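Model, not experiment: these values are computed from the prediction.
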Amino acid sequence: MTITEVRAYCEEVADRFGFDISDYPIIENKRLKTTLGQVRFRQDMFEIQQIEFASFLLAEATDRCVKETILHELAHVFVFLETYERHGHDAEFKAMCARIGLEDARSFGSVEYKNQIEVEKPKSKYSIYCTKCGKLVAARHRRCPVVDRPEDFTANCCGAPVKCIMNW
């Protein structure tokens, strides 16, 4: 799906349920790697800044997966527009999901790709493995000493050196 198609679908869903989302930019975000979509709030947290979708999701995922993600993010927007409060994934959010036809309100752990293979999203940017047994011994979202200098560290499991793999 293209971002233009996403915007059109968002407007269609919002109109169907009586919400006006025309004030909120809907953008494609190339930096999102583990998040499929998000509603970004301004710093004061009392106003929506924009609705963002991961580039990899729009380019590689099935239309059904993209539409479910759109409905999930729109449910966040709609519940905010009704209550002027952020609700996370609480009961009000789940009720809104049911109202707009999203069967599963949970956050998605995997992406269904167009080639029909379902792939787990990486949990972190860096995975640290034991070089002897291959066990995953740590994961990091940001650069840190073990990511920058893995040769200075050993795994607790075997006492062997560690290696760091960047997941994206």
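In this structure, CZ in F17 is found 11.5 Å from CD in E82, a value given to the nearest 0.5 Å. Separating the CZ atom in F53 from the CE atom in M1 is a distance of 10.0 Å, to the nearest 0.5 Å. Atom-to-atom distance recorded for C65:SG and E60:CD is 11.5 Å, nearest 0.5 angstrom. We find the OG1-CZ distance between T83 and F93 to be 12.5 Å, quoted to the nearest 0.5 Å. Atom NZ of K163 is separated from atom SG of C130 by 9.5 Å, given to the nearest 0.5 angstrom. Between atom CD of residue Q49 and atom CZ of residue F41 there is a gap of 10.5 Å, rounded to the nearest 0.5 Å.
With a 4.5 Å cut-off on side-chain heavy atoms, S124 and H141 count as touching. At a threshold of 4.5 Å between non-hydrogen side-chain atoms, the residues V13 and I70 do not count as touching. Two residues are said to be in side-chain contact when any heavy atoms from C-beta on lie closer than 4.5 Å; P145 and D152 fail this criterion. Taking the side chain as every heavy atom from C-beta outward, K125 and M166 approach each other to under 4.5 Å.
Scanning both residues, G37 and T69, for their nearest heavy atoms gives N-CG2, 4.1 Å. Minimum interatomic distance between I27 and R7 (heavy atoms only, all atoms of both residues): CA-NH2, 4.4 Å. The two residues T35 and L32 have their closest heavy-atom pair at O-CB, 3.5 Å. Here the closest heavy-atom approach between residue P150 and residue V162 is recorded as O-CG2, 3.5 Å. Here the closest non-hydrogen pair linking E73 and Q38 is OE1-CA, 3.4 Å. When all heavy atoms of L71 and L102 are compared, the closest pair comes out as C-CD2, 4.1 Å.
Residues F153 and Y129 do not share a hydrophobic cluster, defined by chaining ILVMFWY side chains whose heavy atoms lie under 4.5 Å apart. Tracing side-chain contacts under 4.5 Å through hydrophobic residues (I, L, V, M, F, W, Y), one reaches Y9 starting from I100; they form part of the same cluster. Under the 4.5 Å side-chain heavy-atom criterion for Ile, Leu, Val, Met, Phe, Trp and Tyr, L36 and Y24 are members of the same hydrophobic cluster. Y126 and L136 end up in different hydrophobic clusters when Ile, Leu, Val, Met, Phe, Trp and Tyr side chains are linked at under 4.5 Å. Under the 4.5 Å side-chain contact rule for hydrophobic residues, I3 and I51 share a cluster.
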Please determine whether side-chain contact (heavy atoms from CB on, under 4.5 Å) holds for the pair L74 and I21, giving the CA-CA distance in whole Å, both sets of side-chain angles, and the decisive distance to 0.1 Å. CA-CA 9 Å; L74 287 178; I21 61 168; 4.1 Å; yes

Go through it in stages, so that I can follow the logic: the residues are N156 and V137, the test is side-chain contact (heavy atoms from CB on, under 4.5 Å), and I'd like the CA-CA distance, side-chain angles, deciding distance and then a yes or no. CA-CA 8 Å; N156 289 338; V137 294; over 6 Å; no

Could you check E12 against R16 for salt bridge (charged side-chain N to carboxylate O under 4.0 Å, His left out), going step by step and ending with a plain yes or no? CA-CA 6 Å; E12 173 193 321; R16 187 176 342 137; 3.3 Å; yes

Given ring pair (Phe, Tyr, Trp, His ring centres under 6.0 Å), test F80 with H87 step by step and report yes or no. CA-CA 7 Å; F80 179 81; H87 285 272; 8.8 Å; no

Please determine whether side-chain contact (heavy atoms from CB on, under 4.5 Å) holds for the pair H89 and H72, giving the CA-CA distance in whole Å, both sets of side-chain angles, and the decisive distance to 0.1 Å. CA-CA 10 Å; H89 295 120; H72 179 100; 3.2 Å; yes

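For D23, the CG atom sits in a packed shell: over 12 heavy atoms of surrounding residues, nucleotides or ligands are nearer than 6.0 Å. No more than 12 heavy atoms of other residues, nucleotides or ligands shown are found within 6.0 angstrom of CZ on R142.
Using cut-offs of 30° and 60° for the angle between ring planes, the F19 and F78 rings count as parallel.
In terms of modelled atom types and a separation under 3.5 Å, the side chain of R40 and the main chain of E52 share no donor-acceptor contact. In this structure, the side chain of T131 does not engage the main chain of A160 through any donor-acceptor pair within 3.5 Å.
Ion pairing between R64 and E68 holds under the 4.0 Å rule for side-chain N and carboxylate O.
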